[in-house]
Amino acid sequence: MKKEFLKFVLLAGFVFASGCSDDINKAVPPSTASRPTVPVLSNEVTIGNQIWMAKNLNISRYRNGDVIPQVQNASQWSTINYGAWCYYENNSANGPIYGKLYNLAAIKDPRGLAPIGWHIPNDDEWTTLFLTLGGFSSGGQLKSTNWWEAPNTGATNSSFFAALPGGKRDGDAGTFLTIGQQGNWWSRSLSSGGDGNYYRLFYNLSDIGGGSSYAQFGYSVRCVKD
């Protein structure tokens, strides 16, 4: 049975399993930020030395123009081995707010999911983001003050990252879960077994979670500038 493997992590104790790829094990604290945390454009934000998209990815083509299939059927979603996307509950009205959910094959596809000039962050880059804001208890600085269910613990959006609770699509049954309660974002780093790493925020915590997940799960994507 496919399952998510989740670790709730704090700065003092955040590590993935020792067998993970080099991308996972090279995270180091960033140097002093050379840029302030300020909005740059309506769709991007500078946080320390990084520039992040300020919205979840909502595209349906790879960088080379090839179409990424939309998969609505639940049983099909749970068995496919090619890149795919869906809207939460297959409702297109969720796209402008939460973006699309993508499976791991879309993240790994060599045609490139991220637009030109951007890339999907690895574990080092996610860790740099969190440490720039003070550590793995800084989730409140990332969370939007809207759309999350109460109590939306610690949410200030002081980083202007505007993280949203887009939920996920389960890899076993293809069902949709946790919108309003969780935001889940893929990393491009993989575990030693080839599962995808991801990061998670919660409606009732200010801590940041992380772990690895089977390829059939559907999560949101944020990109960081090259």
Side-chain angles (χ1 to χ4, degrees), residues 3-10 14 37 39 42-45 47 52-59 72 74 77 84-104 106-107 113 120-121 126-127 129-130 133-187 196-214 216-224:
K3 296 181 180 178
E4 291 173 296
F5 297 97
L6 176 64
K7 301 175 184 176
F8 299 101
V9 293
L10 298 174
F14 177 77
T37 302
S42 60
N43 62 342
E44 63 183 50
V45 62
I47 303 175
W52 288 81
M53 287 185 175
K55 296 184 70 175
N56 292 342
L57 200 63
N58 189 28
I59 61 173
Q72 296 183 331
W77 180 273
W85 66 268
C86 62
Y87 295 116
Y88 191 93
E89 292 184 336
N90 295 316
N91 183 352
S92 61
N94 286 319
I97 302 170
Y98 300 107
K100 293 178 171 64
L101 301 174
Y102 299 90
N103 64 6
L104 183 61
I107 305 300
L113 180 61
I120 296 168
W126 278 112
T127 299
L129 170 66
F130 305 145
L133 297 175
F136 286 85
S137 59
S138 61
Q141 297 179 59
L142 295 167
K143 289 194 292 183
S144 170
T145 56
N146 299 313
W147 302 106
W148 293 84
E149 292 185 9
N152 198 9
T153 303
T156 65
N157 196 30
S158 60
S159 68
F160 300 99
F161 188 85
L164 293 174
K168 63 185 177 183
R169 192 167 194 179
D170 179 74
D172 285 318
T175 53
F176 296 95
L177 304 166
T178 68
I179 197 168
Q181 298 181 343
Q182 295 177 6
N184 305 274
W185 294 270
W186 285 113
S187 167
N197 293 336
Y198 72 102
Y199 294 89
R200 175 181 286 181
L201 293 171
F202 311 84
Y203 77 107
N204 59 349
L205 293 172
S206 58
D207 296 339
I208 299 161
S212 60
S213 182
Y214 283 104
Q216 285 78 16
F217 278 83
Y219 294 141
S220 301
V221 171
R222 282 290 181 103
C223 296
V224 65

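Every value quoted in this text rests on a predicted model; they were computed, and no experiment measured them.
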query = Should the ring pair Phe161 and Trp126 be called parallel, tilted or perpendicular, given that the plane angle runs from 0 to 90° and is split at 30 and 60?
reply = perpendicular
request  = Can you measure from CG (Leu133) to OG (Ser158) and round to the nearest 0.5 angstrom?
outcome  = 7.0 Å
request  = Evaluate the side-chain proximity of Leu142 to Phe130: yes if any heavy-atom separation is below 4.5 Å, no if none is.
outcome  = yes
request  = Answer yes or no: is there a side-chain heavy-atom contact under 4.5 Å between Leu101 and Phe176?
outcome  = yes
request  = Could you pull out all residues at least two apart from Ala173 that satisfy side-chain contact (heavy atoms from CB on, under 4.5 Å)?
outcome  = Asp170, Thr175
message = Rounded to the nearest 0.5 Å, what separates atom SG in Cys223 from atom CG in Leu57?
response = 4.5 Å
remark   = For Pro165 and Ile179 the tightest heavy-atom approach is O-CG1, 3.3 Å
ask   = Can we call the ring centroids of Tyr88 and Tyr98 under 6.0 Å apart?
value = no
inquiry  = Just to verify, what does Asn58 make a side chain to side chain donor-acceptor pair (under 3.5 Å) with, not counting sequence neighbours?
reply    = Lys100
Heavy-atom donor-acceptor pair, Asn157 side chain to Ala162 backbone, under 3.5 Å = yes
task = Would you confirm whether Asn152, through its side chain, and Tyr203, through its main-chain N or O, come within 3.5 Å as a donor-acceptor pair?
result = no
query = Looking at residues at least two apart in the chain, or sitting in another chain, which of them share a ring-ring contact (aromatic ring centres under 6.0 Å, His included) with Trp186?
reply = Tyr219
key: Ser212 side chain vs Gly196 backbone, donor-acceptor pair below 3.5 Å   = no
message = Quick one: does any side-chain atom of Trp77 pair with a main-chain N or O of Gln216 as donor and acceptor, under 3.5 Å?
response = yes
request  = Hey, could you give me the CD1/CD1 distance between Ile120 and Ile107, rounded to the nearest 0.5 Å?
outcome  = 4.0 Å
ask   = Asn184 and side-chain hydrogen bond (donor to acceptor under 3.5 Å, both in side chains): which partner among Arg169, Arg200, Lys168?
value = Arg200
note = Separation between OG1 (Thr156) and NZ (Lys143), nearest 0.5 Å, reads 9.5 Å
request  = Decide side chain to side chain contact (heavy atoms under 4.5 Å, CB included) for Leu201 and Gln182; before the verdict, give the C-alpha distance in whole Å, the side-chain angles of both, and the deciding distance to 0.1 Å.
outcome  = CA-CA 6 Å; Leu201 293 171; Gln182 295 177 6; over 6 Å; no
request  = Could you pull out the closest heavy-atom pair between Ser138 and Gly135, with the gap in Å?
outcome  = OG-O, 2.5 Å
ask   = Does Asn94 reach the main-chain N or O of Ile97 with its side chain, forming a donor-acceptor pair under 3.5 Å?
value = no
inquiry  = Tell me the closest heavy-atom pair linking Met53 and Arg222, and the distance in Å.
reply    = O-NH1, 2.9 Å
inquiry  = Show the nearest heavy-atom pair for residues Ile59 and Tyr102, with the distance to one decimal.
reply    = O-OH, 2.6 Å
message = Do Trp185 and Asn56 pair up side chain to side chain, a donor and an acceptor below 3.5 Å, judged on atom types alone?
response = yes
message = I want to check something: taking the side chain as every heavy atom from C-beta on, are Leu129 and Trp52 in contact at a cut-off of under 4.5 Å?
response = yes
Student check: side-chain heavy atoms of Thr127 and Phe136 closer than 4.5 Å = yes
task = Answer with yes or no after comparing the ring centroid distance for Phe217 and Tyr198 against a 6.0 Å cut-off, counting only values under it.
result = no
Euclidean distance, Ile47 CD1 relative to Phe160 CZ, rounded to 0.5 Å = 10.0 Å
